[in-house]
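See structure below.
Heavy-atom basis, side chains included; hydrogens, waters and symmetry copies ignored. Remember, predicted model here, so these are calculated numbers, not experimental data. Residue numbers run from 1 in the order of the sequence given.
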Amino acid sequence: MKTIFDKVLTIGPDMRSLGGIASVLQSYANSMPSFTHCPSNSRHGTVVGAFALAYLLMLMPVYRLRGYEIVHVHGAQGKSWVRKKIIMHWARLFGFKTIYHSHGCWFADYAEKVGVDKIRKELARCSAVVTLTPGWSEAFARRIGYEGARNIDNIVELPLKEHPKELHKPLTALFIGRMCAEKGLYDLIEALAMRKDFFENRLKVLVAGAGESERFLAGIREAGLENIVEYIGPVFGQEKEDAFCRADFVLLPSHFEGLPICILEGAVRCMPSVATTVGGVPEFITDGVNGRIVAPKAPKQLSDVLADYVENPGQIAAQGAEARKSVLSHLPQAVVESLEKLYRDVLEK
């Protein structure tokens, strides 16, 4: 029997690519009664991505004839917004109702840069606008002048296997994400180097991801941190699960974020996170309750927090338990129910 989800065409990045939006879409695919997705770009680069966009636009009237009524577009700021704006304009020509789902932590900044009035008018053409946290919805109202954005939590799936209850020796942190300066990896090198002798044999940092791996590893060697930092490369599926099982807490010292999936993935495994006060992080993590938050680009503060975890590891279990409570609204059943309500409200307009 068909459901309301059979009327929804989801559009976003290639689900096989790296990144938080792709992870969210993959979890949607695993959790919804039915799920149809068309990529608006390609993990193989700009040229292939242009063909993917053209192919999507060509398919749009076909999907409309098949009974799809809603186009649910996931995007960010910059080039992503430009692509998604084109897609939404095209979709409306064929009678689709459009939902814009903003994952971009800099969207309000981007709107102020290119023109708030212009962005607000585009958002007003949508049947609904979705943000990741209540704070983001408030920012859309205050900074862009768009009232009525609704919050739907990012989805996180339950782990494949139970996370170890005992802390590891040495205490182990997991960074998982794209390897670049904006993720705070070089701040991490500086933070660890400040207390290299203290952290030696007491702290292990697992780094999983792709990107500037050679530059990062060169920085590790230069700082003499080979015994503290272990690069494990990109991880997916069982490898990713194994990486979480090897760690006690998540580490993400980013310069910018939306609502990071790795923090939610840690929380569902009763793992606290050490992260920065960017994007939706402060709305999820309460410092000292379900994790620790530090300022971005603040290696000394990051070093202090890591040293506190090493000296007082007992707090990790308590914070992990609180993190698990904090993530309940992000579990598949809750998110799918929120999406179903969103789609019904849009169709009733």
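Between Y309 and F249, the ring center distance clears the sub-6.0 Å criterion. In summary, the aromatic rings of F96 and W90 are positioned with their centroids too far apart to meet the 6.0 Å limit. Two rings, from F284 and H330, have their centers less than 6.0 Å apart.
If you check the side chains of Y68 and T36, you find a donor sitting under 3.5 Å from an acceptor. Under 3.5 Å, the side chains of S34 and D6 contain a donor-acceptor pair of N or O atoms. Under the 3.5 Å distance criterion, with hydrogens and angles disregarded, no donor-acceptor pair is assigned to the side chains of E122 and Y146. A donor-acceptor contact under 3.5 angstrom links the side chains of D308 and Q315, judged on distance only. Side chains of H72 and Y343: a donor on one and an acceptor on the other come within 3.5 Å. With 3.5 Å as the limit, one finds no donor-acceptor pair spanning the side chains of Y231 and E226. Remark: the S23 side chain and the Q26 side chain contain no N/O donor-acceptor pair separated by less than 3.5 Å. A donor-acceptor contact closer than 3.5 angstrom is absent between the side chains of T131 and R150. Checking Q319 against N290 by side-chain atom types alone, no donor-acceptor pair falls below 3.5 Å.
Looking at R344 and E348, no side-chain N of the basic residue comes within less than 4.0 Å of a carboxylate O on the acidic one, giving no salt bridge.
In this structure, M271 and D248 have side chains that are not in contact, with every pair of non-hydrogen atoms separated by 4.5 Å or more. E257 is not listed as a side-chain neighbour of T276, based on a closest heavy-atom distance of 4.5 Å or more. R195 has its side chain out of reach of L192: every pair of non-hydrogen atoms, C-beta onward, lies at least 4.5 Å apart.
A parallel orientation is assigned to the rings of H74 and H101, their planes being inclined by less than 30° (bins at 30° and 60°).
With Y63 as the aromatic partner, R66 meets the cation-pi criteria of under 6.0 angstrom to the ring centre and within 45 degrees of the ring axis. At least one cation-pi condition fails for R246 and F244: the charged atom is not both under 6.0 angstrom from the six-membered ring centre and inside a 45 degree cone around its axis.
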(request) Show the numbers, then the answer: is there a salt bridge (charged side-chain N to carboxylate O under 4.0 Å, His left out) between E265 and K240? (result) CA-CA 10 Å; E265 290 174 326; K240 185 176 182 181; 2.6 Å; yes
(request) Please lay out, stage by stage, how R269 and E241 fare under the test salt bridge (charged side-chain N to carboxylate O under 4.0 Å, His left out). (result) CA-CA 10 Å; R269 293 165 172 82; E241 194 66 49; 2.9 Å; yes
(message) Set out, in order, the CA-CA distance, both residues' side-chain angles and the distance that settles salt bridge (charged side-chain N to carboxylate O under 4.0 Å, His left out) for K97 and E69, then state yes or no.
(response) CA-CA 6 Å; K97 293 177 181 282; E69 298 181 42; over 6 Å; no
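Annotation for V48: hydrophobic cluster partners, listed by chain and number, are none (ILVMFWY side-chain heavy atoms under 4.5 Å, direct or chained).
The environment of CD in E222 is sparse: at most 12 heavy-atom neighbours from other residues, nucleotides or ligands sit within 6.0 Å. Summarising the local packing, NZ of K297 is surrounded by 12 or fewer heavy atoms from other residues, nucleotides or ligands at distances under 6.0 Å.
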Show the atom names and distances, to 0.1 Å, of all donor-acceptor pairs under 3.5 Å that link a side chain in residues 113-121 to residues at least two apart or in another chain.
unit_1	atom_1	unit_2	atom_2	d
D117	OD1	R120	NH1	3.4
D117	OD1	R120	NH2	2.5
R120	NH1	I144	O	2.8

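When all heavy atoms are compared, the tightest approach of E157 to V268 is O-CG1, 3.8 Å.
For residues 9-20, the salt bridge (charged side-chain N to carboxylate O under 4.0 Å, His left out) pairs, not counting sequence neighbours, are D14-R16, D14-R43.
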